[in-house]
Each structure stands twice: as structure tokens, then as C-alpha cells.
Enquirer: 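Questions regarding the structure given below will be posed in turn.
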Amino acid sequence: RADSLDRRKRTGKGCHLDLSQTETAVTLLAPQLLDYQVNGRIAVANGSEGFSAGLRWQQQGLVSDLALTAPLGIGALQIQFDGNAVRVVTSDGTRLEGEQAVEALRRALGFEPPLQSLRYWLTGVSDPSQPADEVLGTDQRLQSLQQAGWRIAYDEYRSTGQRWLP
């Protein structure tokens, strides 16, 4: 692990860490990752297609509650994910679980969102269960991240008292 951290400091690029280190990473990061709330907007681009929506994310332990709203309140999705099961409530009140919920997300968004990783990415860290390429800024904070086929850019950070968050 020390070699990986040294390489990251020297080159600004991350390394693949053995999956057995996941438990240690999660233990060290747990206080920052267990309970938080994010409100804002999200923009997703995939080639010439994409969308933007209002975002409300609440993380309590392993349970993620996510609400996406389209401009002017037209269309909405509520998503709950606990690490195993996905539940979706559509704008017309239809409740779906499991594979039906995942399929509804694919249809509505045009892709399957990486729910497992998003809870980490929102706090400015890579998902410790998968390899990632990280680029650090001059302030040694994560500037961009490529993981599981996704590229996440962190344009700015704000101090939350004990920690800087994107």
C-alpha cells in the first residue's frame, strides 16, 4: 500500500489495490461515508446523449435514498438501494423492486446507474472494491476519477469543517 501511495504522490495517478484492502479502506473512511446528504444538480453525458436533473441523495449507513427530478418538476424517480436490493418509485407512483426496478432505471435514464459506487464518488473517493485511475490536483485532492467505465470530474471542493468535499 505504501508503494501505491508513493506512486500516487509522485505521478498523480492511482494504482490497483488488492481487494483484501477494501475492508481497511472502508473502516478508515467509514465516519465520512456512513451518513450524509447531498442536494444539487447532476449532468450525465454519453456521446451525443445525456440529461440533467435535480438531485437529492441521502446516505444512512449502507442505505442510499436518491431522488431525481426533471426540470419544472416534469418526471421524477425515487430510488432506494441498500447494497443488495434496488427499489424504485416512478413519477406516477408505481413501485418496483429488484430486476424490474433496475430495468425501469435503464429505460428512464438510458443506462444503469452505478449505485454501489456513487455513494463513494459523492464524497470524493473511489469505490474501494474496484480498481480506479485517479488524478490529483495541486492541492492533493481528487481532480478526476475513472472507474468501472465512468469518468467523474471534481471541479471544486468546499470545507465541511472536518473534511473537504466536492
Enquirer: Please give me the minimum heavy-atom distance between L96 and A101, naming the atom from each residue.
Expert: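 Minimum heavy-atom separation between L96 and A101: O-CB, 3.7 Å.
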Enquirer: Among pairs that include at least one residue of residues 100-111, which meet side-chain hydrogen bond (donor to acceptor under 3.5 Å, both in side chains), considering only residues two or more places apart or in two chains?
Expert: E99-R106, E103-R106, R106-E112
Enquirer: Can you name the nearest heavy-atom pair linking V125 to L145, along with the distance?
Expert: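 In this case the closest contact between V125 and L145 is O-CD2, 4.3 Å.
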Enquirer: State, to 0.1 Å, how close Y120 and P128 come at their nearest heavy-atom pair, and which atoms those are.
Expert: CE2-CD, 3.5 Å
Enquirer: Any side-chain heavy atom of L77 sitting closer than 4.5 Å to one from T90?
Expert: yes
Enquirer: Does either side chain, that of E134 or that of S126, offer a donor lying less than 3.5 Å from an acceptor on the other one?
Expert: yes
Enquirer: Can you tell me which residue pairs pass the side-chain hydrogen bond (donor to acceptor under 3.5 Å, both in side chains) test with a partner in residues 142-151, sequence neighbours excluded?
Expert: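 The answer is W121-Q147.
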Enquirer: Report the distance from atom CG of L66 to atom CG of L105, rounding to the nearest 0.5 Å.
Expert: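 Answer rounded to 0.5 Å: 8.5 Å.
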Enquirer: Among R119, Q58, Q59, find the residue that satisfies the side chain to side chain donor-acceptor pair (under 3.5 Å) test when tested with S64.
Expert: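 Running side chain to side chain donor-acceptor pair (under 3.5 Å) over R119, Q58, Q59 with S64 returns exactly one hit, Q59.
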Enquirer: D155: which residues meet the salt bridge (charged side-chain N to carboxylate O under 4.0 Å, His left out) condition with it, sequence neighbours left out?
Expert: none
Enquirer: Under a 4.5 Å cut-off applied to non-hydrogen side-chain atoms, are Q78 and D65 in contact?
Expert: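 No, too far: nothing below the 4.5 Å cut-off.
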Enquirer: Indicate if F81 and V89 have the same hydrophobic cluster label, given that clusters are the connected sets of ILVMFWY residues with side-chain heavy-atom separations under 4.5 angstrom.
Expert: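 In one cluster with F81: V89, no.
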Enquirer: Begin from the C-alpha positions of V38 and L165 and carry the test side-chain contact (heavy atoms from CB on, under 4.5 Å) through to its verdict.
Expert: CA-CA 11 Å; V38 174; L165 293 172; over 6 Å; no
Enquirer: Under 4.5 Å between any side-chain heavy atoms of Y154 and R141, yes or no?
Expert: no
Enquirer: Indicate yes or no: at least one non-hydrogen side-chain atom of L62 is less than 4.5 angstrom from one of D82.
Expert: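 Sidechains of D82 and L62: no contact.
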Enquirer: Going from CD1 on I79 to CG on L109, what distance comes out if it is rounded to the nearest 0.5 angstrom?
Expert: 6.0 Å
Enquirer: On a heavy-atom basis, which atom in D35 and which in G61 lie closest, and how many Å separate them?
Expert: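 Of all heavy-atom pairs spanning D35 and G61, the closest is OD1-N, 3.3 Å.
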Enquirer: Are R158 and E156 within salt-bridge range, i.e. N to O under 4.0 Å?
Expert: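 Yes.
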Enquirer: Search all heavy atoms of L118 against all heavy atoms of Y36 and return the closest pair with its distance.
Expert: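 Closest pair (atom of L118, atom of Y36, distance): O-OH, 4.5 Å.
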Enquirer: Looking only at non-hydrogen atoms, find the nearest pair between L142 and Y157 and report the distance.
Expert: O-OH, 2.5 Å
